[in-house]
Every structure is written in structure tokens, then in C-alpha cells.
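Okay, structure first, notes after.
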2 protein chains.
Amino acid sequence: MVTIKDVAKKAGVSPSTVSRALSGNASVKESTKQKILEAVKLLNYRPNFLAQGLKEGKTKTIGLIIPNIRNPIYPALARGVEDTAKKFGYSVVLCNTDEDVKAEKEYIQKLRKRWVDGLLIAPAAKETEHIVELQKEGFPMVIIVRNVDFLANAVIIDNFRAAYDAVSFLIKTGHQRIAIIKGNQQLALYRERFRGYKQALLDAGLPVHEELITGDESDSVQWSLDGYNAVYSLFAQNIKFDAVFATTDLRAIGAIRAIKDHGYKVPEDISVIGFDNLEFSSLIDPPLSTVSQPLYDIGVRAVNKLLALINTETMQEPTVEIMSSELIIRRSTR
Amino acid sequence: MVTIKDVAKKAGVSPSTVSRALSGNASVKESTKQKILEAVKLLNYRPNFLAQGLKEGKTKTIGLIIPNIRNPIYPALARGVEDTAKKFGYSVVLCNTDEDVKAEKEYIQKLRKRWVDGLLIAPAAKETEHIVELQKEGFPMVIIVRNVDFLANAVIIDNFRAAYDAVSFLIKTGHQRIAIIKGNQQLALYRERFRGYKQALLDAGLPVHEELITGDESDSVQWSLDGYNAVYSLFAQNIKFDAVFATTDLRAIGAIRAIKDHGYKVPEDISVIGFDNLEFSSLIDPPLSTVSQPLYDIGVRAVNKLLALINTETMQEPTVEIMSSELIIRRSTR
DNA sequence: TTTAATAATGCAAACGTTTCTATAATATAT
DNA sequence: ATATATTATAGAAACGTTTGCATTATTAAA
């Protein structure tokens with residue numbers, strides 16, 4: 001490996017001069033600068049990042065901790081994160097926890113060995129002491145997508161509101177018996193969506209029917225199966241319903257399939273509305289009505305926030321930023 | 001930040017003893033070891049990764065350079081990479097090039113500042129001197145998914161064979177006029193798939209009709225549009241066809257939509273076969289027949305190969321590893 | 001017990017930078 | 001020409017580790 005000393009020798013100057021010439025934050029004679037640049041080119045010198053980082057106490061790297069990049073909501077988020085990080089000269093380390101708190105803890109441990117300057121976390125589940133801990137220590141960190149039950153820096157959407165609006169839309173368009181596929185109630189985000197569903201019914205003077213509340217609590221990648229099974233069992237029990245509010249697009253897709261398999265039509269017989277607005281949700285048949293989460297923008301905002309945190313030494317009161325979601329009506333609702 | 005010296009002081013020993021106690025590759029008395037461990041716990045000491053890396057000359061980090069994590073073939077690959085890297089104590093830095101050679105070069109430059117121990121690259125396009133360069137320098141690197149026109153360490157599938165088999169299947173099941181949506185011919189992988197298509201026709205004694213070769217050369221994320229447009233224009237020109245071989249699932253989905261929009265049925269009137277076997281390809285209507293790429297496994301193999309490269313000092317002849325693809329027949333073909 | 005072998009520990013150098021301090025070279029004002 | 005201010009450069013210390021070498025403490029053998 002070629003070091004700054006080699007360059008210095010080649011150019012006939014001291015290492016410190018090379019450093020100054022390269023960093024540009026001290027004056028060095030133009031002629032020597034040229035010599036140095038020449039030597040750099042000749043030897044194909046690249047400053048050693050580790051040495052620099054060690055000296056400066058930062059790595060220009062952030063960690064992105066998410067449950068699973070294969071869950072189709074995360075690629076867009078990751079892109080938002082990576083693009084923004086890159087823009088400011090930062091790199092992104094990708095970590096998948098598979099909803100496992102233990103894995104999450106291990107990653108945090110690992111990344112904290114002065115590895116990364118800050119962390120973006122979509123927390124695994126309810127247990128969050130390790131995150132509280134992190135915050136207490138003043139480590140730069142922002143929570144994304146999934147809110148957490150204490151005040152922390154976060155960039156999220158208002159899941160209650162979004163669900164409320166989606167269900168209200170269904171009600172307004174004449175649906176009376178709206179089933180919900182409720183998602184893992186361990187996660188605040190699904191609890192919120194569930195709450196939004198109930199509140200919308202209540203506010204419209206409609207009853208919340210126990211039998212229309214479906215979906216299991218598991219969190220598998222094959223989420224669409226949950227949607228399929230939920231609707232399937234509704235039919236099996238001969239429960240009538242004229243709409244389905246699925247708490248994810250994947251579940252909505254499963255629901256649509258189950259409805260079709262039973263010989264009903266979407267949206268003529270049963271309307272289906274999803275949540276997420278995945279890239280391919282417009283591609284299915286019928287194109288899915290859904291709530292759009294600004295995932296890319298969440299990533300962008302989160303990185304901005306994180307870098308602000310990294311670059312201020314004074315500890316500030318955490319703030320949560322609510323990004324606006326949007327109801328997208330396509331053709332799975334009448 | 002708490003350093004090894006702090007621990008040493010607290011435990012009443014020298015830093016070197018702490019280092020030895022922690023690394024475990026030298027004998028240290030049990031009682032002192034306990035004292036040290038206690039001090040570590042008490043002070044919440046974490047070894048500084050940068051210092052370690054600087055000393056040892058490696059970072060236990062690899063770079064994953066891909067066009068775009070939002071392209072749905074990459075999440076599975078990334079997961080394979082990350083899981084395997086993690087298994088061996090490595091971290092993964094994610095880089096999206098957007099098919100831009102310049103961005104790719106910049107990333108390689110950046111990551112090479114002794115940042116990463118090795119690189120996994122799905123190259124952007126035809127221009128590959130910078131990759132040749134990398135290889136010449138003996139930098140650990142393996143090419144993934146997209147083969148390259150020189151001999152390099154790579155983990156790929158046999159795109160020619162896979163396309164050949166898919167089209168042969170179509171022919172065997174009675175299709176005569178098979179259209180292809182050909183993909184960006186700048187990329188070897190699409191050239192290979194195209195070649196497989198032609199060869200299958202030839203070997204079956206069928207003509208290669210110019211008018212059935214469709215699709216533009218662009219590489220946008222909204223790939224399904226290419227499929228839609230291609231089939232749309234076939235109808236517009238009143239060209240008859242009884243099957244479509246789409247070079248990606250996304251294009252296949254677009255194609256199906258266009259076929260439906262024109263009042264035809266898949267697969268009764270026209271069969272469609274895709275390529276990739278994305279997670280949601282089984283979820284569309286009808287479930288898509290396609291060629292399955294073992295993306296996760298490609299990631300796994302590639303990391304194994306890369307780590308082998310990293311851990312051998314002697315430069316070896318590059319080898320390319322062909323993973324086997326699989327024809328998955330669902331319901332979009334008759 | 002004394003000596004030899006082994007185990008445990010400390011010291012200092014090294015990894016490749018950056019930056020502080022000091023000195024040398026040059027330019028500017030008198 | 002001399003004194004002063006400025007600019008350019010070198011030297012050395014520091015960042016937090018690990019490790020080779022030297023030293024000291026401990027154990028085993030005689």
C-alpha cells in the first residue's frame with residue numbers, strides 16, 4: 001500500500017506538506033503542490049480512510065437498520081437514505097434484523113464501535129430499552145417508519161390519520177361492512193392503523209363488528225398469505241362484507257386473490273384498499289387503491305435529520321417529524 | 001470516548017494486557033482477566049474499530065455495488081450478501097449506481113481507500129476498464145448477476161441457456177409466433193437472453209421474425225412500461241403473435257396488462273413468460289410463468305468467493321461460477 | 001534451596017493520517 | 001539594506017489499537 005510518506009519522498013517534501021496540499025486547508029506553494037499532485041498520480045496514492053477517520057474521530061458512515069430489505073417497502077426508503085447520504089459524502093451500511101431484537105442489539109453494538117457516526121433505525125418490535133439507552137448516551141440516531149413509545153428523533157407518518165382517512169373513504173362511498181386485516185399488533189404502526197379503522201367507523205356511527213377483524217399477528221415475508229387467509233376464512237365462516245381495509249398492500253393483494261378465487265369481483269362486489277403504495281401495486285389487476293407512504297422522502301428527511309444531529313455537539317430535545325401520506329384511489333375500490 | 005487506556009488504568013494493568021485479555025490470543029492470568037472484564041463492563045468500553053482496522057490492515061467490510069436496490073431483483077441478492085457477510089463478521093456497504101458508469105467509478109474509488117476489504121459488483125454497462133483495472137491490481141472483487149466481457153471472478157446464471165429453455169418450452173407447447181421484449185442490448189445478459197431466444201427458434205426450425213422483436217433499449221425503473229408499450233405496438237401494427245417472451249418479469253407484467261387491455265386472454269389467447277421470478281410474480285393474475293434466478297444464492301456464493309479471495313494472498317486465475325436457473329411454469333402459459 | 005523453564009506483564013514501536021509548533025524562506029514596509 | 005510581517009515547510013505528537021521484545025513473577029525440575 002502506498003502511503004503519504006511515499007508521496008512525500010517522491011515529491012521531495014514532508015508528509016505534512018502532502019497532507020496540507022491534499023486537504024487544501026493551509027497554504028502551500030503552487031509549484032510544490034503540482035509536484036505533489038504529480039507524485040500522487042504517479043503512485044496512485046489514495047489516503048487511508050481508516051487513518052483519517054481515526055485522526056478525525058469520524059467515519060462519514062451511517063448505519064441503516066431495518067427488518068428486511070426484501071420487504072418491499074424498504075428498497076425505496078433505502079434509496080432515499082443512500083442518495084442523501086451520498087450527497088453529503090456519507091456511506092451507508094445495510095443491516096437486516098428480521099424483526100429480531102437480539103439481532104438488532106448486536107448490530108447496534110457492532111456499529112457503535114466508532115464505526116458509524118449515526119444510526120437510522122426501523123425498530124424490530126416492542127422491546128426498545130436498548131434504543132432508549134442509545135438515546136440517553138446522546139448517540140446520533142433517528143427512528144424511521146415505525147414509531148416508538150417514547151419521545152425520540154423520528155421521521156414517520158401518521159398511521160392513525162391515514163387509516164382513518166382510508167376507511168372514511170370506504171364509508172363515504174357506501175360501504176357498510178368493512179373488514180380489516182389488522183397486522184402485528186406488537187407494532188405501534190399497526191395498532192395505530194387499527195385504531196384509525198375503529199375511529200372512522202365510530203365517527204360514522206357504524207358498529208365495529210368483531211367478526212370483521214381478521215389477520216394473524218405473525219410477520220412473515222409472505223405477507224400476502226395473511227391477506228389471503230384472512231379473507232378466505234371470512235368466506236369460510238360465511239361472514240358478509242363489502243370492503244376490506246388491508247394494513248399493507250401485500251395483504252391487499254392476497255385479499256384480492258381470495259376474493260377472486262371465491263368468484264367475486266373487485267371492486268364490483270367487494271372493494272379492497274391497501275396501505276404502502278408499493279411500486280407494483282399499480283400493476284396488479286385491478287390496480288390497487290391504497291395509502292401512499294412517502295418512503296423515499298422519509299429516507300431523505302431522516303438522513304438530513306441525522307446529519308444535523310451528528311454535526312451539533314449540544315444535545316437537543318428530540319423531535320418527531322410527521323410526513324404526509326396520501327390516499328391513492330385506483331380501481332380496487334368503487 | 002473510553003479507550004483501552006482507561007480500562008487499563010481502572011484495572012491496574014497496562015493497555016497491552018487489556019488488549020491480550022480481550023483478543024484472547026495470548027495468555028493472561030485468570031484473575032487479571034476478570035478485573036479487566038469488570039473494568040470493561042463498568043466503563044462500557046468498546047474497542048475502536050478504526051484503530052483496530054488501521055493496525056490490522058483490514059476493515060471486515062465489503063462493498064455491494066448494484067444499479068438500484070429498487071429494481072426488485074436486488075433485494076433478494078442483497079439479503080443473500082448481507083446474511084453471509086454477517087455470518088463471517090463482515091458488514092456490507094450499499095451503493096446504487098443507477099446504471100451510471102461514472103457513479104460506479106466514484107464508488108469504487110471511494111470504497112477503495114482501504115475502506116472495504118473487497119467488492120461485489122453488478123456492473124453498470126458495457127464500459128468496464130475500471131473493473132479490469134481493479135482486477136489487475138489484484139483487488140478482491142467478484143462480479144455478480146451481470147457477466148462481463150473478460151474473464152473475472154463472477155457468480156452468474158447462464159442467460160443463454162435459460163432463455164433457450166423458456167422459449168423452447170413455448171415452442172413445445174404449440175406456440176409458433178413468439179414475440180420477444182428484448183431489453184437493453186448494451187448489457188451482456190440481455191444479449192444472451194436474446195441469443196437464446198433466436199437459437200431456440202432456429203433449432204426448432206422456426207423463423208426469426210423481425211417484427212416480433214420488440215422493446216426499447218432504455219433501462220428505467222418502470223420497466224413494466226416497456227412491456228406494455230412493446231405489446232401495445234404489436235397490436236397497433238396488427239402483428240399476430242401467440243406468445244410473448246419477456247426478458248424480465250416486470251416487462252411480462254406490462255405485457256399481460258396490454259394483452260388484457262386489448263380484450264385478449266392470458267394464457268388462452270396469448271401466453272406470456274417472464275424472467276427473474278420476483279417475489280410478487282406469483283401474486284399477479286394470472287400467476288406468471290418465468291425463469292427463476294437464484295438471487296439469494298448468488299449473493300451467498302458471491303460472498304463466499306469474495307472472502308476466499310480476501311483471505312488468500314496469492315493471486316489466482318479468475319473463475320466464473322454458473323448458478324442454475326429454473327423454469328417455473330405457473331398459469332400465464334398454456 | 002538453587003536453577004531452569006515457563007507464564008504473565010509492561011514498554012515501546014508501529015499502522016497512516018492530521019495538526020500544532022517551530023523554523024526557514026520570502027515578501028513588504030521602512 | 002534592515003526590520004517586520006507573511007507564507008511555506010518540516011518535525012513531532014497524537015488518534016486507539018496490536019504486537020515484538022524485554023522484563024518480572026511463577027512454577028517445575030534438580
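First the proteins, then the strands, lettered A, B, ... as listed; each starts at 1.
Comparing dG10(C), dT18(D), dA10(D) by their closest approach to the side chain of Thr17(A) singles out dA10(D). Nearest to the side-chain atoms of Val28(B) among the listed nucleotides dT9(C), dG16(D), dT17(C) stands dT9(C). Checked against dT18(D), dG16(D), dA8(D), the side chain of Ser19(B) finds its nearest nucleotide in dT18(D). Listed candidates were dA12(C), dG16(D), dT9(C). Nearest to the side chain of Leu54(B) is dG16(D). Picking from dT17(D), dC15(C), dA8(D) the nucleotide with the shortest atom distance to the side chain of Ser27(A) gives dA8(D). For Thr32(B), counting side-chain heavy atoms from C-beta on, the closest listed nucleotide (dT18(D), dT9(C), dT17(C)) is dT9(C). Side-chain proximity of Lys55(A) to the nucleotides dC15(D), dA12(C), dT17(D) is greatest for dC15(D). Across dT18(C), dT19(D), dT9(D), the shortest atom-to-atom separation from the side chain of Gln52(A) is found for dT18(C).
Between Leu50(B) atom CG and dT17(D) atom C1' there is a gap of 11 Å when expressed in whole angstrom units. dG16(D) atom P lies 12 Å from atom NZ of Lys9(B), rounded to whole Å. In this entry the distance linking CG of Asp6(A) with P of dG16(C) reads 9 Å, nearest Å. Across the protein-nucleic acid pair, Lys5(A) atom NZ and dG11(D) atom P stand 13 Å apart, rounded to whole Å. Look at CD on Glu56(B): it is 14 Å from P on dG16(C), rounded to the nearest Å. Between Lys29(B) atom NZ and dT26(D) atom C1' there is a gap of 9 Å when expressed in whole angstrom units. In this structure, the CG atom of Asn48(B) is 13 Å from the C1' atom of dT18(D), given to the nearest Å. The distance between atom CD of Glu30(B) and atom C1' of dA8(C), rounded to the nearest whole Å, is 13 Å.
Contact detail for Pro140(A) and Leu309(A): the closest heavy-atom pair is CB-CB, 4.1 Å.
Using modelled atom types, one finds no donor on one side chain facing an acceptor on the other under 3.5 Å when comparing Ser19(B) with Ser16(B). Using a 3.5 Å distance cut-off with no hydrogens or angles, the side chains of Thr97(B) and Lys102(B) do not pair a donor with an acceptor. No side-chain donor-acceptor contact under 3.5 Å links Gln34(B) and Glu38(B).
Counting non-hydrogen atoms under 4.0 angstrom, Thr3(B) reaches the backbone sugars and phosphates but no base. Looking at heavy-atom distances under 4.0 Å, Ser23(B) makes no contact with the nucleic acid at all. Within the nucleic acid shown, Phe49(B) has no heavy atom closer than 4.0 Å to any nucleic acid atom.
Ring orientation note: the planes of Trp115(B) and Phe49(A) are close to parallel, at an angle under 30° on the 30°/60° scale.
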Before giving the answer on side-chain contact (heavy atoms from CB on, under 4.5 Å), spell out for Lys86(B) and Tyr107(A) the whole-Å C-alpha distance, their side-chain angles and the decisive distance to 0.1 Å. CA-CA 10 Å; Lys86(B) 184 185 184 187; Tyr107(A) 268 123; 3.2 Å; yes
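You won't find any donor-acceptor pair under 3.5 Å spanning the side chain of Arg46(B) and the base of dG16(D), going by distance alone.
Neither OP1 nor OP2 of dT9(D) sits under 4.0 Å from any side-chain N or O of Ser14(A).
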